Amino acid sequence: MEQEWSRVMPVRTYLKTFREPFYLLFFIPQFACVSWGWGSADWPYRAAFAAGIPFLLLCMACEEYSLREAVKMAAFAVLIAWAYMQNRNRSLILACMAVYGVKGLDLKRILRWAFWVMLICMSLKVALCAAGILPNKVLELPKENGVMYMIPCYGYDTPNNLFFHLVTVVLMAMALYGDAFRWPALLVVLLMYGAYRVLISRTGWLCFLALAALYLSASYLHSKKKEGMLSVLRILMVLSPAFLFLLNLFLIYLQRTGMRAIVVVNGLLNGRLFFANEAFENIGISLLGSKNAVQLDMLYATMLLNYGVLLSIICIGAYSVAMWKLRKKKEDLLLIAMTVMAIYSFMEVNAINPMWNPFLLYVSVTLFETDDFTLKC
C-alpha cells in the first residue's frame, strides 16, 4: 500500500501545477454558455457542465484540504443535498462546486478570464442578432396609456438578463483594472444609459446607479484621505447583504397589511412583493427547506423558501464574512462589486449562480483557512 501511494504522490504533485487550467476548463465553458444566453435547459450548457466535472474533480484531488475545511465542506454539502432531496432545486449545487474547487487559485486571474469571455460572447451575440443573422426575440410590455413597449432581447431570454450581463462586465472591469477604469467612466455611463433606454431594465439600471454611487463615494473619500468615513462605508457595504435580506422579509410581511405605502413599493417592484407573499402563505418557511421548489424574482425570498432558515443564514453569513475579510484587506472595488450583487439579489434571482455572478467565488475566503490571502485577492 505504501509503495502504491508513493507512486501516486509524484503524479499528484505534477498534476497540481495544472490546477488552474483544470479549474478553467470546468468554469469558463459554462460561463461562456451563460454569457452567450444559454441556460441549464440548453444542450450546449449541459454538455459544458458534464465535460467540466472531471476537470473539477482533478482540480480538487490535487489540492490539500485541512480536516477543519473538509468538515465544513461536508456539512454544507449535506445541507444542500437535503434541500435538493426536498424540492430538487439545483441552484446552490453549482455554487458549492465552484467554491470548493477554487482553493489556492488566483481569483483575479480567473475573473480576468471571465471578463474577456463574457465581453466577447455578449458583444458577438448582440451584433449577430442586431444584424439579423441570429433571431432577435422582441418582448412586448404594456405602458400605462395602453401603448406597447417593443423591447428587443438580442438573443437572450429577457432584456433584464442582457442588461445584467452588461452590469457584470462593468463590475469585473472595475474590480480588475482599478484606477484605469476612471478614464472611460463617462463613456461607460453613456453606454449603459443607452442600453437602459433600449432594454428598459429598471432593476439593472438601479444596480448600475448603485455601482456609480458607491464607486464615486469611495473614490472621493480616497482622494480626500478621509479614512474614517471610508471605514464606515466599508462596514455599511459588509452589512448590506444581511440588511437587504431582512428588509426583503419585512416588506413581504407588510404586503399582507395592504398599507398604501407598501402598495406603492410593490408597484415599483412590479408585483414582486405580492407574488412573494403568496408563495410564503402557500408554501411556508421551514428550517431545512420546503418540499415545493419556487423561483421568485427575489433571491432572498427564494432562498428562504427553497433552502430553509438554516441554509439561508449560512449563505448570507458566508457572503458577509467574505466581504469582511475583503474589507480588512481594503479591497474596496471588490466590496463594491459584491454589494451591487447583493442589491441585485433583492430584485432578481440569478446572482446565486457563479456563472452569472463570478464574485461568488470570493466566498471561498470564508470557507478556507487563509490569513495571508493565498487566494490572491
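Just so we're clear, the structure is a prediction, and the values are computed from it rather than from any experiment. Each residue takes its place number in the sequence, starting with 1.
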Using atom types as modelled, flag every donor-acceptor pair under 3.5 Å from a side chain in residues 303-311 to any protein atom, sequence neighbours excluded.
unit_1, atom_1, unit_2, atom_2, d
N306, OD1, V294, N, 2.9
N306, ND2, V294, O, 2.7
Y307, OH, N89, OD1, 2.7
Y307, OH, L92, N, 3.2

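Among K108, K329, M174, the one residue that satisfies the side-chain contact (heavy atoms from CB on, under 4.5 Å) test with L334 is K108.
Using modelled atom types, no side-chain atom of Y362 and backbone atom of Y319 make a donor-acceptor pair closer than 3.5 Å. Looking only at distances, no side-chain donor or acceptor of D297 sits under 3.5 Å from a matching main-chain atom of E348. A donor-acceptor contact shorter than 3.5 Å is absent between the side chain of K16 and the backbone of E63. At distances below 3.5 Å, at least one donor-acceptor pair connects side-chain atoms of D42 with backbone N or O atoms of G39. Here the side chain of R327 pairs no donor or acceptor atom with the backbone of M323 at under 3.5 angstrom. Checking side-chain atoms of Y215 against main-chain N and O of I336 turns up no donor-acceptor pair under 3.5 Å. Distance alone, capped at 3.5 Å, is enough to place a donor-acceptor pair between the T366 side chain and the A322 backbone. Of the possible donor and acceptor atoms, one in the side chain of S240 sits under 3.5 Å from a partner among the backbone N and O of M237.
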| Given the rule in the side-chain contact (heavy atoms from CB on, under 4.5 Å) test, do M341 and T339 qualify, once you have shown the distances and angles that lead to the verdict? | CA-CA 5 Å; M341 287 298 183; T339 302; over 6 Å; no
| task | For side-chain contact (heavy atoms from CB on, under 4.5 Å), just list the numbers for M172 and Y177, CA-CA rounded to whole Å, side-chain angles, deciding distance to a tenth of an Å, and then say yes or no. | result | CA-CA 8 Å; M172 287 192 286; Y177 299 108; over 6 Å; no
| Could you go step by step and tell me if W356 and N161 meet the side-chain contact (heavy atoms from CB on, under 4.5 Å) rule? | CA-CA 9 Å; W356 285 79; N161 287 355; 3.5 Å; yes
| request: Go through the steps to decide whether I151 and V138 satisfy the test side-chain contact (heavy atoms from CB on, under 4.5 Å), and finish with yes or no. | output: CA-CA 5 Å; I151 309 175; V138 175; 5.8 Å; no
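Here F164 and Y344 bring their ring centres to under 6.0 angstrom of each other.
At a threshold of 4.5 Å between side-chain heavy atoms, the hydrophobic network of Ile, Leu, Val, Met, Phe, Trp and Tyr places L134 and V126 in two separate groups. L119 is not connected to W38 by any chain of hydrophobic side-chain contacts under 4.5 Å among Ile, Leu, Val, Met, Phe, Trp and Tyr, and they are in different clusters. Both L361 and W116 are part of a single hydrophobic cluster, where members link through side-chain heavy atoms under 4.5 Å apart. Y253 and I316 fall within the same hydrophobic cluster, where Ile, Leu, Val, Met, Phe, Trp and Tyr residues are linked whenever their side-chain heavy atoms come under 4.5 Å apart, directly or through other members. Cluster membership check: V169 does not share its hydrophobic cluster with W36, using side-chain heavy-atom separations under 4.5 Å among Ile, Leu, Val, Met, Phe, Trp and Tyr.
Between Y65 and G101, the closest heavy-atom pair is OH-CA, 4.3 Å. In plain terms, the two heavy atoms of N357 and A351 that are nearest each other are ND2-O, 3.1 Å. Across F368 and K325, no two heavy atoms sit closer than the pair O-NZ, 4.4 Å. A195 approaches L166 most closely through the heavy-atom pair CB-CD1, 3.7 Å. Taking both residues in full, the closest heavy atoms of S217 and L233 are given as CB-CD2, 4.2 Å, listed atom of the first, atom of the second, then distance. When all heavy atoms of F26 and A98 are compared, the pair lying nearest together is CE2-CA, 4.1 Å.
Contact annotation: the side chain of V349 never approaches that of L296 to less than 4.5 Å [non-hydrogen atoms, C-beta and beyond]. Side-chain contact between I262 and L273: present, with at least one pair of heavy atoms (C-beta onward) separated by less than 4.5 Å. Under the 4.5 Å side-chain criterion, counting only non-hydrogen atoms from C-beta, I235 is in contact with L239. Under the 4.5 Å side-chain criterion, counting only non-hydrogen atoms from C-beta, V232 is in contact with L236. In this structure the side chain of F250 reaches within 4.5 angstrom of the side chain of L254, judged on heavy atoms. Counting only heavy atoms from C-beta outward, the side chains of I53 and M97 approach each other to under 4.5 Å. In this structure, L288 and Q86 have side chains that are not in contact, with every pair of non-hydrogen atoms separated by 4.5 Å or more. Side-chain atoms of M338 and P241, non-hydrogen and from C-beta on, never get closer than 4.5 Å to each other.
Annotation: cation-pi pair R46/W43 absent, no NZ/CZ under 6.0 Å from the ring centroid and within 45° of its normal.
Every residue meeting the side chain to side chain contact (heavy atoms under 4.5 Å, CB included) condition with N136, not counting sequence neighbours, appears here in chain and number order: C129, P152, Y154. In this structure F31 satisfies the ring pair (Phe, Tyr, Trp, His ring centres under 6.0 Å) test together with F27, sequence neighbours excluded.
Ion pair E69/K103 flagged as a salt bridge, since at least one NZ, NE, NH1 or NH2 atom sits closer than 4.0 Å to an Asp/Glu carboxylate oxygen. The residues E331 and R234 are annotated as not salt-bridged, no charged nitrogen and carboxylate oxygen being separated by less than 4.0 angstrom. Ion pairing of E278 with R256 is absent here, as no side-chain N (NZ or NE/NH1/NH2) approaches a carboxylate O to less than 4.0 Å.
Atom NZ of K137 is separated from atom CG of L139 by 7.0 Å, given to the nearest 0.5 angstrom. Residue M60 holds its CE atom at 10.0 Å from OH of Y23, rounded to the nearest 0.5 Å. Here L111 contributes atom CG and M118 contributes atom CE; the two are 10.5 Å apart, rounded to the nearest 0.5 Å. Atom NE2 of H222 is separated from atom NZ of K226 by 14.0 Å, given to the nearest 0.5 angstrom. Here the straight-line distance linking atom OG of S320 with atom CH2 of W324 works out to 11.0 Å at 0.5 Å rounding. Rounding to the nearest 0.5 Å gives a distance of 6.0 Å between CG of L211 and CZ of F208.
More than 12 heavy atoms of other shown residues, nucleotides or ligands fall within 6.0 angstrom of atom OH in Y196. In this structure, W205 places its CH2 atom where more than 12 heavy-atom neighbours from other residues, nucleotides or ligands lie under 6.0 Å away.
Taking the six-membered ring where the residue is Trp, F22 and F18 present tilted rings, their angle falling between 30° and 60°.
Judged purely by distance below 3.5 Å, without hydrogens or angles, the side chains of R202 and N160 never pair a donor atom with an acceptor atom.
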